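Computed from a prediction, not measured in an experiment: that's the story for all the values here.
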2 protein chains.
Amino acid sequence: MSARLIDIARKTGYSVSTVSRVLNQKPGKYPVHEKTQKQILAAAEELGYRPNIIARNLRLRKTREIGMVVPDISKRFFSFLVKIIAKHLREFDYKMIVYDADEDTGIEKDAITNLLAKKVDGLIVCPVGVESRHLEQTIQSGIPFLTMDRCFEHLKADSISVDNYNGARIAVEYLIAEGHHKIGVIHGLQGTWPNEMRLKGYQDALKQAGIKAEKRYNQCDSFGTFNGYLEMHQMLRLDDPPTAVFFAGGYILLGALKAIREKNLNVPRDISFITFDDPTYAMQLTPPISAVAQPIEEVAAMAVKLLLRRMAEPDADIENVLLQPQLIVRDSVAKLI
Amino acid sequence: MSARLIDIARKTGYSVSTVSRVLNQKPGKYPVHEKTQKQILAAAEELGYRPNIIARNLRLRKTREIGMVVPDISKRFFSFLVKIIAKHLREFDYKMIVYDADEDTGIEKDAITNLLAKKVDGLIVCPVGVESRHLEQTIQSGIPFLTMDRCFEHLKADSISVDNYNGARIAVEYLIAEGHHKIGVIHGLQGTWPNEMRLKGYQDALKQAGIKAEKRYNQCDSFGTFNGYLEMHQMLRLDDPPTAVFFAGGYILLGALKAIREKNLNVPRDISFITFDDPTYAMQLTPPISAVAQPIEEVAAMAVKLLLRRMAEPDADIENVLLQPQLIVRDSVAKLI
DNA sequence: TTAACTAATGACAACGTTTGCAGTAATTAT
DNA sequence: ATAATTACTGCAAACGTTGTCATTAGTTAA
């Protein structure tokens, strides 16, 4: 068992109070004789003293910990987000406790409950996306709280995400500007906020250009690779397939690309596409893929800013921030005009 | 402030002890009258009682938490590892606290210190890889401890990693079997265990085949994309460039591929290669890339098994487990015979 | 009837900190 | 010389649990 304050106290002959004061280096509040300090510091070093954070947290009723829950930490978007947020928090001397909800609302619920019971000082949730009642309850509890990415519009809480609507819109507008009229979309899980927004962006871009959104050009199921593969095949099997396709994100690109290869089609000569999300490998594929990149670093920085503000001023007005994604033009879209 | 045991006690008129007993549902140890139970349960529900885990942990001197430190959580290898390990731990009712060391030994050290101070019941570290003194100290502390991936041979602790030596060896043996004699290697950060092992596997495979390992075919610096790009360029600029190259892992592949493209070379006609690690996109590239895949799920499962065993039997013999990676043949290697 | 048990509950002492308050000795002001 | 101030230190009460030990009342055995 590791050394405690009382062990140092006994060893040096001073009281626990004095030892505590020395080790916490509280500036001038309670002065401690220099000789005393030296002795205590030496004894602490010798005994290999490490403060028991649990006891401290209990006493202080503060943890300097921020809880975070993400739907799938193995996805780069989230793991990178986690990394950057943790890095920013470190600067403010906060630790982060991340839980992976594994795309399961039940686990998400448990994770939040546990974090509240651990008395984290603040909480960031990237909701799995299907249910929000437990989030409302969490807000009730009064903990500084922030949703990210798959936000719910009706929640009375700060939120930060990228402008999925606009990102999809500028992608599709780009396709149209390059002369495409028959534009398909392969999108992800229906009912989730980002997916709906991206789909709406696609539809509005078409409408604005006076193009009718063809039902048969609209495929969906999930953001997974296999879905991308199946849907792309289906789309290519149509009598008059689209000349360009918008992938709504995630791993659809990978699967769709495989389908295109199997049909022995050339990108962008035979088929053009652009994808939401910009994975690291997008620029290494043949051809390099045009994409709409989410500004993850900015999102992370903003998240920290919003949460710290909420912690400092619990009654500040609620902010719902939307950050703009960026169109990255590479070579996967043919110019038709 | 959330409700405490004492609030329920006051509300129902029972003592804190009784309330605690009811809420913890300890089987038959101390019987509580059924009516009492009902009242207490009802009051707990009504007040929205959530146990304070900090107080509980302090009292029990157990946390049911496992600490984990990884060098870079944004790398899929680690984020996936974290996910799977956390999932397994969940089954045993353990939570995981992960910290990202950001490839910085200083941060790694702090993270470990913090986890020890948090009194986690066990600790898994994937070391950054350059220093190990703090790990020895950690072992001294007596906490159930496990290193993964970038292990240190001299550490007296359980460890689990993939057989980097053999993985590299079977990859290079495969190249030789396909008729290649001029075989280059682009490897990663020198001095790290996996890198050295992979390099040795490469060298031994050549030696075994009676091929001299040419110094000029041996490039290294880091596992990053940019390194892969530079080194590949350099290798292609040689008078008699290798016909095949072994990439020692990570993101070297991406950069090297870019260099090959810039030289307008065809894979595998002009140059063949195989890479350690099998990223999800490897099979979607043109051509699909042959690779040596690390069995991450198995590694994760074994890690949990080893750690739980160590927690149950602190004095069991130390185990250093090596799991075999798998050769995945796709189309990036030309058959020369 | 009394002793011995059981069922149900409460009092209380931890767990290891931090910190307000009180106390003592030494120093300075009056 | 006394009062006021300062420098240093210790006491003890929290923080919210859990579990040991007592205690009470009721029940069964002798």
Answer whether the closest heavy-atom distance between the side chains of [X] and [Y] falls below 4.5 Å.
X	Y	answer
Thr147(B)	Phe145(B)	yes
Arg4(B)	Asn52(B)	no
Leu323(A)	Ile160(A)	yes
Tyr49(B)	Ser2(B)	no

If you check every side-chain atom of [X], which of [options] has the closest atom?
X	options	result
Ser15(B)	dG10(D), dG10(C), dG16(C)	dG10(C)
Val32(A)	dG16(C), dT17(D), dT9(D)	dT9(D)
Val16(B)	dT9(D), dG16(D), dT17(D)	dT17(D)
Tyr49(B)	dC15(C), dT17(C), dT17(D)	dT17(D)

For the pair made of [atom1] in [X] and [atom2] in [N], what is the distance, rounded to whole Å?
X	N	atom1	atom2	result
Leu23(B)	dT17(D)	CG	P	9 Å
Arg21(A)	dG16(C)	CZ	C1'	16 Å
Ile40(B)	dT17(D)	CD1	C1'	15 Å
Ile53(B)	dT17(D)	CD1	P	11 Å
Asn24(A)	dG16(C)	CG	C1'	12 Å
Lys35(B)	dA8(C)	NZ	C1'	12 Å
Ile6(B)	dG16(D)	CD1	P	9 Å
Tyr14(B)	dT17(D)	OH	P	20 Å

Is there a donor and acceptor pair closer than 3.5 Å between the side chain of [X] and the base of [N]?
X	N	value
Ser17(A)	dA12(D)	yes
Arg61(A)	dG16(D)	no
Ser20(B)	dG19(D)	no

Contact class for Leu60(A) vs. all strands (heavy atom < 4.0 Å): base, sugar-phosphate, or nothing?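 If one applies the 4.0 Å heavy-atom cut-off, Leu60(A) turns out to touch the sugar-phosphate alone, with no base involved.
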Does dC8(D) have OP1 or OP2 under 4.0 Å away from a side-chain N or O of Thr18(A)?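 For Thr18(A), the contact criterion (side-chain N or O under 4.0 Å from OP1 or OP2 of dC8(D)) is not met.
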Using the closest heavy atom to pick a nucleotide of DNA chain C for each, name whichever of Arg50(A) or His33(B) lands nearer the 5' end.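 Taking each residue's closest nucleotide, the earlier one in sequence belongs to His33(B).
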Taking atom types as modelled and ignoring hydrogens, do the side chains of Asp121(A) and Thr63(A) form a donor-acceptor contact shorter than 3.5 angstrom?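 Distance-only check passes for Asp121(A) and Thr63(A).
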